[in-house]
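One structure below.
As a basis for the values below, the full set of heavy atoms in this structure was taken, side chains included, without hydrogen atoms, waters or symmetry mates. Just so you know, residue 1 is the first one in the sequence shown, and it goes up from there. This is a predicted model, so every value here is computed, not measured.
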Amino acid sequence: MKTRIKEYRARFCLTQAELAKKVGVRRETIVFLEKGDYNPSLKLAAKVARELNATINELFILEDHDLN
């Protein structure tokens with residue numbers, strides 16, 4: 001899965017640690033999300049989207065191979 005979290009986070013001048021604190025996870029979780037190495041729960045995806053003033057669909061891009 002690709003994400004645009006880093007791009008949106010930069011718009012708000014947030015560090016990974018600051019975003020992590022706002023959504024209640026460790027900074028490493030944000031790192032994994034940004035790399036596309038972690039598929040978040042719907043609840044976490046919604047929290048991240050809300051903090052970045054975006055929709056889940058704007059932040060998380062599913063690729064065809066992710067659906068298999």
Shared hydrophobic cluster for L19 and V31 (ILVMFWY, side-chain gaps under 4.5 Å): no
Separation of K6 NZ from K35 NZ (nearest 0.5 Å): 10.5 Å
Smallest separation among heavy atoms of Y8 and L52, with atom names: CD2-O, 3.7 Å
Given D37, N39, V25, the one that forms side chain to side chain contact (heavy atoms under 4.5 Å, CB included) with F32: D37
Heavy-atom neighbours of R26 CZ exceed 12 at 6.0 Å: no
Flag, side chain of E58 to backbone of T55, donor-acceptor distance under 3.5 Å: yes
L33 and F60, any side-chain heavy atoms less than 4.5 Å apart: yes
Gap between atom CD1 of I30 and atom CD of E18 - 0.5 Å precision: 11.5 Å
Audit row: T29, L44, side chain to side chain contact (heavy atoms under 4.5 Å, CB included) steps and yes/no: CA-CA 10 Å; T29 302; L44 177 55; 4.2 Å; yes
R9 side-chain N/O to L14 backbone N/O, donor-acceptor pair under 3.5 Å: yes
Qualifying salt bridge (Lys or Arg N to Asp or Glu O under 4.0 Å) pairs, either residue in residues 38-57, two or more places apart: none
Taking every non-hydrogen atom, the tightest pair across L59 and A49: CD1-CA, 3.4 Å
